[in-house]
Amino acid sequence: MNVYLDNSATTAMAPEVIEAMLPYFAGEMGNAQSVHSFGQRAKAAIEKARREVAALINATPAEIVFVSGGTEADNLAVRGIAEAHRDRGRHIITTRIEHPAVLATCEALEGEGFRVTYLPVSKAGLVSLDDLSRAIADDTILISIMLANNEVGTIQPIDKIAGMISEARARGMDQLHLHTDAVQAVGKIPMDVAQLGVDLLSMSAHKFHGPKGIGALYVRKGTRLAKLLYGGHHERDRRAGTENVAGIVGLGKAAELARTRLSERSSGMRELRDYLESRVTSMIPRVEVNGDLDRRVPNISNMSFEGVDGESLLIAMDLKGIAVSTGSACASGSLEPSHVLQALGLTREQVRGSLRFSLGAYTTREEIDYAISVLSESAARIREMSPTEDCDLSQPAHL
Ligand code: PLP
C-alpha cells in the first residue's frame with residue numbers, strides 16, 4: 001500500500017484541475033498578449049482564473065498577481081515593499097519560523113542596508129503581540145508573518161496584528177505594510193483578506209491540489225511595490241514574462257475547488273488527523289505533539305518520538321510505502337536541524353525525534369490505519385535497537 005502523508009511538501013493535482021489544464025497544452029496554446037483569437041482565448045482563461053483566485057480570498061481580480069509559486073510571491077512581497085519604500089525606512093519585522101523564501105530574502109536585504117527583527121515564538125509556535133508592538137519602530141516599513149507554519153501548522157493571529165498596525169497607521173505610521181505567507185493556509189482554513197487586514201498575501205497552487213510552479217500574490221489596491229523582473233508589461237506591470245496559461249488555469253480550478261469544498265475537505269482532514277494523533281499517542285509511549293493544538297491548520301500533525309531517530313523512522317516507513325517528513329535532515333547530507341522546532345524551544349533530542357504527517361483532501365481512513373500500524377511497529381523496533389549514531393546537531397540553526 002502506498003500512503004502519501006507529505007501534503008505540506010506538495011499535493012496530487014485534483015482530476016478536475018488536470019482536465020481544466022489539458023486544452024492549454026495543445027489546441028489552446030495562444031500567448032495571452034496576442035491580438036488574434038488564440039491569444040484572446042488564452043487571456044480570457046487567465047482572467048477567469050484570476051476571478052476564482054480573488055473569490056477564494058475575498059479580493060478583487062485586479063489585486064491578484066500571478067507568479068511562479070510561493071517562493072516568488074514571498075520574494076516579491078518582501079523585496080517589492082523594501083525597495084519601493086526604502087525612502088521611508090529600512091526596518092523589517094518577521095519571525096524566526098518563516099519559510100526560507102521570506103527568511104533568506106530578509107537576510108539578503110540585511111546585506112543591502114536594511115535592519116531585520118526576527119521575532120521569537122512561544123512553545124506553541126505563536127508570536128507575542130507585545131514583542132511585536134515593542135519591535136515596531138519609526139522606520140519599520142514591513143511586517144511579514146506567516147499565516148500557518150509549514151512544519152507544525154500553527155496559525156498566527158494575523159487579524160490582531162493587522163489591528164495593531166492600523167492603530168500605528170492612525171498615529172501617522174502610514175509606511176507600515178503587512179504581508180502574510182498563506183501558502184500552508186489556503187484551502188485549509190477560510191480566508192478573507194479584508195478580515196485579515198493584510199496588504200499582501202502569498203499562495204502556491206501545488207499545496208492545494210493544483211499544479212507546481214504557479215502561485216499568486218495578493219497586493220491590496222494602491223500598494224506601491226517594486227518589481228523583481230523587468231520585461232514586458234504583463235500582470236499590470238507587476239510581473240514581466242509570458243503567462244503560464246495552463247498553470248494559471250490549474251491554479252484557478254484548484255482555487256474554485258478549495259472554495260467550494262473547503263468545509264468538507266477541512267473537516268475530513270481534521271477528523272483523520274485527530275484520529276491519527278489520538279491513536280499514535282495512546283499506542284506509542286512517550287510521544288509529544290508539537291505546536292499549538294487548537295490554533296493550527298487541520299491537516300498537519302508534528303510529533304516527537306522520545307528516544308527515536310526521526311530519520312530512521314522516516315526510512316522505515318518509506319520502506320513500507322509511507323511518505324512522511326522530518327524536521328532534522330541529517331540523512332540527506334544537510335546538517336541543519338529544523339529552525340522551526342528549535343524556535344519552539346524543543347531540545348536537540350526532541351527535534352531529532354520529530355516527524356511531520358501532513359494530510360490531503362484525498363487521504364483515507366484505511367491509509368491512516370495502515371500508517372498507524374507501521375509507525376507503532378517501527379518506533380518500537382527502533383527503540384529496541386541500540387542507539388543509532390548521533391547526527392551532528394551542534395551546527396547553528398538557520399538563523
Ligand atoms: N511558504 C511556505 C510556508 C511553504 O510551505 C512553501 C513551500 O514549501 C513556500 C512558501 C514556497 O512555495 P513554493 O514551493 O510554491 O515555491
Side-chain angles (χ1 to χ4, degrees), residues 4-13 17 53 57 64-80 94-108 118 121 125-127 144-156 158 179-189 191 196 198 200-218 228-229 239 241 244 247-248 250-251 254-255 258 291 295-302 323-327 329 332 334 336 338-341 343-344 356-360 398-399:
Y4 185 77
L5 294 177
D6 200 13
N7 287 274
S8 292
T10 196
T11 59
M13 280 202 273
V17 168
V53 171
I57 60 171
I64 303 300
V65 182
F66 291 122
V67 294
S68 66
T71 300
E72 186 182 334
D74 286 344
N75 273 258
L76 179 57
V78 174
R79 183 171 281 281
T94 187
T95 79
R96 290 189 189 158
I97 61 165
E98 298 300 309
H99 188 271
V102 166
L103 288 178
T105 306
C106 287
E107 283 162 17
Y118 299 91
V121 294
L126 290 162
V127 292
S144 178
I145 297 183
M146 68 198 328
L147 189 47
N149 180 265
N150 46 305
E151 290 192 36
V152 287
T154 306
I155 298 171
Q156 302 297 338
I158 296 295
H179 165 243
T180 194
D181 174 341
V183 167
Q184 294 289 346
V186 171
K188 315 297 184 316
I189 56 173
M191 202 150 307
L196 284 172
V198 294
L200 305 116
L201 178 146
S202 305
M203 70 169 83
S204 176
H206 75 103
K207 307 290 186 178
F208 57 101
H209 303 290
K212 294 172 184 59
I214 188 74
L217 180 66
Y218 156 78
L228 297 180
L229 303 179
R239 204 275 185 177
N244 170 3
I248 292 171
L251 167 57
R295 291 193 59 92
R296 63 177 163 158
V297 283
N299 67 316
I300 295 183
S301 174
N302 189 306
V324 295
S325 86
T326 161
S332 63
S334 146
E336 257 180 34
S338 156
H339 68 284
V340 173
L341 297 181
L344 262 60
R356 177 187 68 184
F357 302 83
S358 50
L359 286 64
H398 187 70
L399 273 179

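One-based numbering, in listed order, for ligands and for the atoms of each.
Nearest protein heavy-atom contact of atom 5 (O) of ligand 1 is Gln184 NE2, 2.8 Å. For atom 8 (O) of ligand 1, the nearest protein heavy atom (residue, atom name, distance) is Lys207 NZ, 2.6 Å. For atom 13 (P) of ligand 1, the closest non-hydrogen atom of the protein is Gly70 N, 3.5 Å.
Checking only distances, Ser204 does come within under 3.5 Å of ligand 1, N or O to N or O. In terms of polar-atom proximity, Gly69 is not counted as a contact of ligand 1, lacking any N or O under 3.5 Å from an N or O of the ligand.
Residue Ala101 does not touch ligand 1, judged by heavy-atom distances below 4.0 Å. Contacts between Asp74 and ligand 1 below 4.0 angstrom, taking non-hydrogen atoms only, involve the side chain exclusively. At a heavy-atom cutoff of 4.0 Å, ligand 1 is contacted by no atom of Glu72, backbone or side chain. At a 4.0 Å heavy-atom cut-off, ligand 1 touches Asp181 through the side chain alone.
Heavy-atom separations between His206 and ligand 1 include at least one value shorter than 4.0 Å.
Residues His179 and Ser202 have side chains that bring a donor and an acceptor to within less than 3.5 angstrom of each other.
Proximity annotation for atom 4 (C) of ligand 1: of Met146, Glu98, His99, His99 comes nearest, heavy atoms only.
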